[in-house]
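The structure appears below as structure tokens.
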Amino acid sequence: MNIFAIETSCDETSAAIVLNGTKIKSIIVSSQIKIHAKFSGIVPELASRSHIENINLVIHKALKAAGVNFLNFRQHVDAVAYTVGPGLLGALLVGATAARSIACVYKKPVIPVNHLEGHIYSAFIENEFIKPPFLSVVISGGHTAIIIVKDFGKYKVLGNTRDDAAGEAFDKAAKMLGLRYPGGPVIDKKANKGDSNAIRFPRPYMKGTWDFSFSGLKTSLLNYLRKNPINSKKHLNDICASFRQAVVETLCFKSFEAAKKFNLQQIVLGGGVSANSLVRKMFLQNGQKNNIKVFIPSSIYCTDNAAMIACTAYLKQKKCGLEYKQSDLKSSACLKLINWN
Ligand code: KG4
Ligand code: ZN
């Protein structure tokens with residue numbers, strides 16, 4: 001089954017065509033980073049406008065790369081998927097309108113996809129053999145969640161962030177350090193040149209709960225900078241390395257504790273922060289040590305993209321079919337993770 005998918009939940013306009021959830025026929029991701037960088041964060045109004053300006057071009061590029069056009073669309077595409085939430089409402093509506101219009105014109109079924117589920121299943125694009133149950137660790141700019149995936153579409157959310165998401169913590173730390181947005185990749189790069197033992201930042205393990213909280217860590221960085229203004233490139237690299245170490249150790253420690261506690265043999269990562277080089281290294285090393293299989297998507301599938309939406313739509317229609325209620329199709333900024341029937 002060929003699924004044409006659109007993702008516009010935040011600051012990436014993306015379209016893809018994916019066969020049976022795993023064979024990428026095309027994937028186009030147009031980032032708005034340049035627009036938002038000067039504000040050190042995403043401006044929702046500008047995000048919506050930029051999606052409107054880019055969506056047609058992104059769709060055309062994705063179709064062209066897969067050898068599809070609007071004359072042969074009916075033969076080559078079986079269903080249209082789009083991100084229904086959570087995300088910025090104005091941004092979501094642009095993708096929903098485009099996807100539903102195309103589906104209506106070409107008389108194709110539409111599959112609404114929860115963005116969080118897109119991250120949960122993004123590793124399936126390259127590892128179709130993964131079978132639930134597994135522990136999903138979604139670490140992005142909007143989420144830090146550990147979830148038991150008992151079966152496809154059957155979840156038990158163990159923990160969420162109580163304040164900043166992991167990616168948000170990196171983005172805010174970068175702002176304090178005078179680095180550009182998004183902070184995660186910049187801090188990662190500088191951290192690779194620094195000493196992670198230079199400064200001992202706290203590890204917010206939050207014992208007794210699977211929830212996360214990174215705001216205290218952020219405050220401790222602020223306090224450190226007040227007393228110790230950045231005095232050299234080496235100093236900046238050391239701060240980045242020490243901060244990254246604290247975030248990643250916390251994510252890794254809690255994820256493996258949860259996997260062991262609930263006797264899960266597989267951890268599946270997703271979300272922009274899983275592109276972090278230390279996340280990848282530490283999770284894989286800990287996986288080997290604890291005999292737990294760790295799956296991490298390639299970087300392009302970690303950050304927001306439409307291929308993960310197509311992949312999730314494929315898995316979803318296998319279980320739920322191709323007919324969805326109007327209420328399921330409604331874009332929602334704070335959509336929750338809901339079990340499939
Ligand atoms: O999944 P994503 O593209 O969007 C959301 O759903 O939020 O994640 C974006 C987040 C940003 O906060 C960005 O700083 C972070 O992922 N990120 C990283 C890295 N690459 C992206 N964080 C740490 N290290 C990276 N290499
Ligand atoms: Zn995302």
Side-chain angles (χ1 to χ4, degrees), residues 5-14 27 29-33 36-37 39-42 44 47 82-88 91-92 95 113-123 136-145 160-161 163-177 179-194 196 212 214 217-218 240-241 243-252 269-283 296-309 311-312 333-335 337:
I6 294 179
E7 151 67 37
T8 60
S9 66
C10 193
D11 62 339
E12 259 97 29
T13 315
S14 180
I27 172 168
V29 181
S30 164
S31 170
Q32 303 176 2
I33 283 175
H36 303 290
F39 302 99
S40 300
I42 294 157
Y82 67 96
T83 306
V84 70
L88 304 169
L92 288 166
V113 173
N114 183 313
H115 182 79
L116 201 60
E117 289 179 320
H119 284 309
I120 292 175
Y121 298 113
S122 57
S136 166
V137 178
V138 178
I139 40 179
S140 69
H143 295 94
T144 307
N160 267 305
T161 179
D163 37 62
D164 295 333
E168 206 178 349
F170 276 117
D171 295 339
K172 289 180 177 170
K175 193 173 175 186
M176 286 180 214
L177 295 167
L179 301 172
R180 69 172 187 276
Y181 175 86
V186 192
I187 290 186
D188 196 19
K189 214 165 151 194
K190 297 211 177 290
N192 285 338
K193 293 183 260 174
S196 59
F212 293 88
F214 289 109
L217 178 57
K218 202 178 59 187
C240 288
F243 183 83
R244 180 183 70 171
Q245 190 72 25
V247 174
V248 179
E249 269 183 25
T250 308
L251 292 170
C252 199
L269 268 71
V273 179
S274 32
N276 185 277
S277 56
L278 185 63
V279 165
R280 303 176 86 87
K281 192 169 144 198
M282 209 184 271
F283 271 81
I296 313 176
S298 296
S299 292
I300 184 172
Y301 304 127
C302 289
T303 45
D304 290 351
N305 69 89
M308 69 182 192
I309 302 304
C311 174
T312 307
C334 38
L335 188 68
L337 193 60

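Just so you know, ligand 1 is whichever comes first in the structure, and atom 1 is the first atom listed for that ligand. A quick note: this is a predicted structure, and the numbers were derived from the prediction, not measured.
The ligand atoms of ligand 1 that sit less than 4.0 angstrom from a heavy atom of A275 are 26 (N). Against a heavy-atom cut-off of under 4.0 Å, F170 is close to the following atoms of ligand 1: 22 (N), 23 (C).
In this structure, H119 has a heavy atom closer than 4.0 Å to ligand 1. Ligand 1 lies less than 4.0 angstrom from a heavy atom belonging to G142.
Protein heavy atom closest to atom 22 (N) of ligand 1, with residue, atom name and distance, is G184 CA, 3.2 Å. Counting only heavy atoms of the protein, atom 9 (C) of ligand 1 lies nearest to G141 N, 3.8 Å. Among all protein heavy atoms, the one lying closest to atom 1 (O) of ligand 1 is G272 N, 2.9 Å. Counting protein heavy atoms only, atom 3 (O) of ligand 1 is closest to D304 N, 3.0 Å. Summary of contacts: the protein heavy atom closest to atom 24 (N) of ligand 1 is N276 ND2, 2.9 Å. Distance from atom 26 (N) of ligand 1 to its nearest protein heavy atom, with residue and atom name: D188 OD2, 3.3 Å.
For the atom pair CG of D11 and OH of Y181, the computed distance is 4.5 Å after rounding to the nearest 0.5 Å. Interatomic distance, C311 SG to E117 CD, rounded to the nearest 0.5 Å: 11.5 Å. The line from CD1 of I27 to CD1 of I300 is 4.0 Å long, rounded to the nearest 0.5 Å. Expressed to the nearest 0.5 Å, how far CD of E168 lies from OG of S140 amounts to 9.5 Å. Atoms CD and CD1, from E7 and I309 in turn, are 5.0 Å apart once rounded to the nearest 0.5 Å.
Evaluation of the salt bridge (charged side-chain N to carboxylate O under 4.0 Å, His left out) rule for K190 yields no partner, not counting sequence neighbours. In this structure, the salt bridge (charged side-chain N to carboxylate O under 4.0 Å, His left out) partners of D164, at least two apart in sequence or on a different chain, are K172, K218. Checked against ring pair (Phe, Tyr, Trp, His ring centres under 6.0 Å), Y301 has no partners two or more places apart in sequence or in another chain.
If you check each of V273, V247, D171 against atom 11 (C) of ligand 1, the one with the closest non-hydrogen atom is D171.
By the 30° and 60° cut-offs, the orientation of the rings of H115 relative to H119 is perpendicular.
Contacts of C302 with ligand 1, taken as heavy-atom pairs under 4.0 Å, involve the backbone alone. The side chain of H115, and not its backbone, has at least one atom closer than 4.0 Å to an atom of ligand 1 (non-hydrogen atoms only; side chain from C-beta on).
Proximity of a side-chain donor or acceptor of Q32 to a complementary backbone N or O of A47 within less than 3.5 Å is detected. A side-chain donor-acceptor contact under 3.5 Å links D171 to the backbone of G183. T161 places a side-chain N or O within donor-acceptor distance of the main-chain N or O of D163, the cut-off being under 3.5 Å.
Around the Zn ion (ligand 2), the protein contributes the following N, O or S atoms at distances under 2.8 Å: H115 NE2, H119 NE2, D304 OD1.
Distances between N or O atoms of G167 and those of ligand 1 include at least one value under 3.5 Å.
No option in I139, T250, V137 other than I139 meets the side-chain contact (heavy atoms from CB on, under 4.5 Å) test with T144.
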